[in-house]
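Only this structure's heavy atoms are used, side chains among them; waters, hydrogens and symmetry mates stay out. This is a predicted model, so every value here is computed, not measured.
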Amino acid sequence: MSTTITTSFTPDAELDLLFPPDLIPTEVRDALPKDLHIRPLAKTDYHRGHLAVLSVLTVVSDPGAEAYYSQFEAMRATPRTYYTLVIVDRASDQVVAVGCVFIERKFLRGLGKVGHIEDIAVDKNQQGKKLGLRVINALTGISEREGCYKTILNCSDSNIPFYEKCGYEKKENEMAKYNSSPIVHTPRL
């Protein structure tokens with residue numbers, strides 16, 4: 001996981017972003033401290049510690065810069081589907097929080113859409129500053145603006161109180177089946 005420390009903040013206009021930054025609700029931007037900035041994932045966030053922040057969730061392997069860029073382009077190739085955003089520390093220009101909502105298009109509910117929130121992570125040194133709440137609020141706002149009839153997420157039992165504070169309610173159960181065949185290489189995109 002490449003992390004190149006810089007000391008100059010990179011403005012959105014100089015970045016190759018996953019989606020237009022104006023989709024992030026203004027009220028979320030305004031609620032952040034001035035030393036932090038929320039924006040869409042940038043292609044170069046590989047070098048700003050994006051994967052290191054995700055490692056607070058689970059084991060994250062480093063695919064290398066080229067594979068990271070390919071995954072970014074694959075996500076961007078499906079417009080109005082993937083909305084990964086980051087919170088960046090202005091002083092270091094490093095990612096300190098991340099989250100994603102992806103939009104599932106359905107045949108039911110009048111060709112409705114569902115927002116799926118995934119991969120909410122906050123750097124351990126930044127936890128307790130309501131950054132997770134800001135990420136959830138931004139992603140929920142994007143989902144609602146995209147016309148989703150509901151926004152859903154999975155979480156551990158220990159995180160239920162946090163998501164309830166964000167306006168979510170416990171509903172039904174999650175089931176998972178993991179691939180029993182080991183994946184030994186980064187897929188070619």
Side-chain angles (χ1 to χ4, degrees), residues 17-32 36-43 45-46 48-60 68 71-72 74-88 95-124 126-178:
L17 300 173
L18 187 60
F19 62 90
D22 61 345
L23 294 178
I24 298 171
T26 304
E27 58 272 13
V28 175
R29 289 181 189 281
D30 293 345
L32 279 177
L36 300 173
H37 177 68
I38 191 167
R39 62 162 170 76
L41 182 71
K43 191 171 184 176
D45 282 342
Y46 174 81
R48 290 185 185 84
H50 176 222
L51 298 178
V53 173
L54 284 173
S55 72
V56 304
L57 297 175
T58 188
V59 175
V60 177
Y68 183 95
Q71 183 79 326
F72 180 92
M75 294 171 89
R76 187 163 49 190
T78 54
R80 300 182 72 191
T81 301
Y82 292 99
Y83 298 91
T84 300
L85 55 77
V86 297
I87 295 177
V88 176
V95 173
V96 297
V98 63
C100 178
V101 63
F102 71 90
I103 309 300
E104 174 192 10
R105 286 157 177 78
K106 304 187 78 73
F107 284 100
L108 49 76
R109 294 197 181 238
L111 302 178
K113 295 185 277 188
V114 174
H116 295 263
I117 290 181
E118 293 282 339
D119 303 335
I120 304 302
V122 177
D123 181 273
K124 289 184 187 218
Q126 297 285 334
Q127 291 178 0
K129 298 180 181 180
K130 298 192 177 192
L131 301 187
L133 173 66
R134 303 297 177 236
V135 169
I136 290 294
N137 289 345
L139 296 172
T140 303
I142 290 169
S143 178
E144 291 173 352
R145 186 177 292 171
E146 284 296 309
C148 293
Y149 70 88
K150 70 178 176 179
T151 306
I152 59 177
L153 57 84
N154 295 321
C155 70
S156 64
D157 288 344
S158 63
N159 285 331
I160 290 172
F162 167 74
Y163 289 109
E164 287 175 336
K165 288 178 188 173
C166 296
Y168 285 77
E169 59 187 61
K170 188 173 182 333
K171 184 169 172 46
E172 301 170 355
N173 297 300
E174 169 192 6
M175 303 294 290
K177 182 177 185 309
Y178 289 89

>> Does N154 form a side chain to side chain contact (heavy atoms under 4.5 Å, CB included) with H116? I'd like the steps, not just the answer.
In response: CA-CA 9 Å; N154 295 321; H116 295 263; over 6 Å; no
> Where do L85 and L139 land on the side chain to side chain contact (heavy atoms under 4.5 Å, CB included) test, with the steps shown first?
Replying inline: CA-CA 8 Å; L85 55 77; L139 296 172; 3.6 Å; yes
>> Does T78 form a side chain to side chain contact (heavy atoms under 4.5 Å, CB included) with F102? I'd like the steps, not just the answer.
In response: CA-CA 10 Å; T78 54; F102 71 90; over 6 Å; no
> side chain to side chain contact (heavy atoms under 4.5 Å, CB included) between I87 and V135: does it pass, once the steps are laid out?
Replying inline: CA-CA 8 Å; I87 295 177; V135 169; 3.8 Å; yes
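The environment of NZ in K43 is crowded: more than 12 heavy-atom neighbours from other residues, nucleotides or ligands sit within 6.0 Å.
Considering CD1 of I120 and CG of L153, their distance stands at 7.5 Å, rounded to 0.5 Å. One finds the OH atom of Y82 at 10.0 Å from the CD atom of E118 (value rounded to the nearest 0.5 Å). How far CZ of R29 is from NE2 of H37: 5.5 Å, rounded to the nearest 0.5 Å. One distance of note links CZ of R105 with CZ of R80; it measures 6.5 Å at 0.5 Å rounding. Once rounded to the nearest 0.5 Å, the distance linking NZ of K129 with CG of L36 reads 7.0 Å. Note that OH of Y163 and OG of S156 are 8.0 Å apart. Values are rounded to the nearest 0.5 Å.
The pair D45-R39 meets the salt-bridge criterion, since a charged nitrogen lies less than 4.0 angstrom from a carboxylate oxygen.
Remark: side-chain polar atoms of S55 are paired, donor with acceptor, to backbone N or O of A52 under 3.5 angstrom. Remark: the backbone N or O of P79 is paired with a side-chain donor or acceptor of T81 at under 3.5 angstrom. K113 places a side-chain N or O within donor-acceptor distance of the main-chain N or O of E146, the cut-off being under 3.5 Å.
What you find for T84 and C100 is that their closest heavy atoms are OG1-SG, 3.3 Å. Contact detail for V95 and V53: the closest heavy-atom pair is O-CG2, 3.2 Å. Considering all non-hydrogen atoms of both residues, I103 and C148 come closest at CD1-SG, 3.6 Å. Closest approach of P25 and A138 over heavy atoms only: CD-O, 3.7 Å. Smallest separation of non-hydrogen atoms from F72 and L41: CE1-O, 3.5 Å. Across all their heavy atoms, L54 and A121 have their closest contact at CA-CB, 4.2 Å.
Checking each of T151, V101, I152 against V114 for a side chain to side chain contact (heavy atoms under 4.5 Å, CB included) leaves exactly one that passes, namely I152.
D119 has its side chain out of reach of V98: every pair of non-hydrogen atoms, C-beta onward, lies at least 4.5 Å apart. With contacts defined as side-chain heavy-atom distances shorter than 4.5 Å, the pair L133/I136 does not qualify. Y168 has its side chain within reach of T140: a pair of non-hydrogen atoms, C-beta onward, lies under 4.5 Å apart.
Between the side chains of Y83 and S143, no donor-acceptor pair is found at a separation under 3.5 Å.
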